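Data block below; observations after.
All ligand and atom numbering here is 1-based and tracks the order in the structure. The model shown is predicted, which means the values in this text are computed figures rather than measured ones.
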Amino acid sequence: MSGNKTFTMIKPGAVGNGFIGPILDKITTAGFKIIALRMTQMTKSEAEDFYDVHNERPFYEELVDFMSSGPIVAAVLEKENAVEDFRTLIGATNPDEAAEGTIRKLYAESLGHNAIHGSDSDENAEREIVFHFATKKIFY
Ligand code: IDP
Ligand code: MG
């Protein structure tokens with residue numbers, strides 16, 4: 001059975017472009033409940049840890065530099081079938097391939113600066129939630 005929680009970050013580009021409000025509105029309008037929310041900035045070392053799964057990929061350093069370049073908004077979201085439904089809401093990794101109406105189609109600048117992160121499995125959602133929120137006092 002699939003889980004009911006996922007993790008997201010609004011990435012530095014979308015935060016800098018003033019899209020926090022519109023993106024949170026899309027998320028809640030799509031039926032996700034925000035159960036934890038924090039604006040923060042990752043250090044380079046935190047971004048390296050967060051994206052460690054990609055450490056062999058050619059874009060790893062660019063990704064880590066970008067994700068630690070400015071504030072992000074991290075959130076835990078709750079909905080039935082959360083991981084899959086949220087991946088549908090955000091659209092394909094490359095905004096040129098993202099479906100009309102998806103968050104990446106609407107707010108991404110490029111493949112590297114693609115507005116938003118969404119967990120790709122229940123297991124990774126749990127890891128990512130712990131990474132960003134485990135040491136904070138949250139209720140969910
Ligand atoms: P996802 O965010 O859709 O799950 P991943 O494959 O997990 O995509 O890649 C993580 C992030 O790395 C992407 O969101 C994107 O910003 C960036 N990325 C992925 N592929 C490339 C690339 O080929 N060039 C530059 N950045 C990339
Ligand atoms: Mg991914």
Side-chain angles (χ1 to χ4, degrees):
M1 201 181 85
S2 61
N4 66 349
K5 287 185 186 63
T6 192
F7 173 78
T8 187
M9 292 182 287
I10 302 175
K11 297 188 179 186
V15 171
N17 287 328
F19 295 144
I20 295 173
I23 289 174
L24 291 179
D25 185 52
K26 288 282 288 182
I27 290 171
T28 52
T29 299
F32 292 86
K33 185 175 170 192
I34 298 170
I35 58 173
L37 184 72
R38 188 156 62 100
M39 190 165 183
T40 187
Q41 183 163 354
M42 287 193 282
T43 64
K44 186 163 179 184
S45 157
E46 286 169 340
E48 283 169 353
D49 284 355
F50 185 88
Y51 282 112
D52 191 51
V53 62
H54 293 311
N55 70 46
E56 306 278 305
R57 309 282 284 276
F59 57 84
Y60 179 64
E61 185 160 0
E62 177 190 333
L63 175 62
V64 163
D65 283 346
F66 172 61
M67 289 303 296
S68 57
S69 70
I72 58 148
V73 173
V76 181
L77 305 175
E78 192 173 77
K79 183 184 182 295
E80 254 177 52
N81 202 36
V83 165
E84 188 184 347
D85 286 2
F86 193 69
R87 295 287 303 196
T88 301
L89 179 67
I90 69 178
T93 307
N94 186 340
D96 292 341
E97 291 159 17
E100 290 301 326
T102 60
I103 291 174
R104 282 169 166 167
K105 184 69 173 187
L106 290 165
Y107 301 113
E109 297 166 306
S110 63
L111 172 57
H113 296 201
N114 62 356
I116 192 158
H117 168 85
S119 307
D120 65 2
S121 65
D122 289 343
E123 189 187 13
N124 283 336
E126 183 175 348
R127 174 189 172 271
E128 292 169 1
I129 289 167
V130 168
F131 187 98
H132 276 275
F133 288 102
T135 62
K136 309 290 179 243
K137 191 170 185 182
I138 58 164
F139 301 89
Y140 67 91

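- Each of the atoms 1 (P), 3 (O), 4 (O) of ligand 1 lies under 4.0 Å from some heavy atom of Arg87.
- Within the 4.5 Å cutoff, the side chain of Leu77 has heavy atoms near those of the Ile34 side chain.
- Scanning all protein heavy atoms for the shortest distance to atom 12 (O) of ligand 1 gives Phe59 CE1, 3.3 Å.
- Counting the atoms of ligand 1 from 1 in the order shown, those under 4.0 Å from a heavy atom of Asn114 are 13 (C), 14 (O), 15 (C), 16 (O).
- At a threshold of 4.5 Å between non-hydrogen side-chain atoms, the residues Met67 and Lys11 count as touching.
- With hydrogens and angles left out, the side-chain atoms of Ser2 and Asn81 include a donor and acceptor closer than 3.5 Å.
- Counting heavy atoms under 4.0 Å from ligand 1, residue Arg104 touches it through the side chain alone.
- Looking at Lys11 against ligand 1, only its side chain comes within 4.0 Å, counting heavy atoms.
- Heavy atoms of Leu63 approach ligand 1 to within less than 4.0 angstrom.
- A donor-acceptor distance shorter than 3.5 angstrom exists from the side chain of Asn55 to the backbone of Asp52, with no hydrogens or angles considered.
- Among all non-hydrogen protein atoms, the one lying nearest atom 23 (O) of ligand 1 is Leu111 CD2, 3.4 Å.
- At a heavy-atom cutoff of 4.0 Å, ligand 1 is contacted by the side chain of His54 but not by its backbone.
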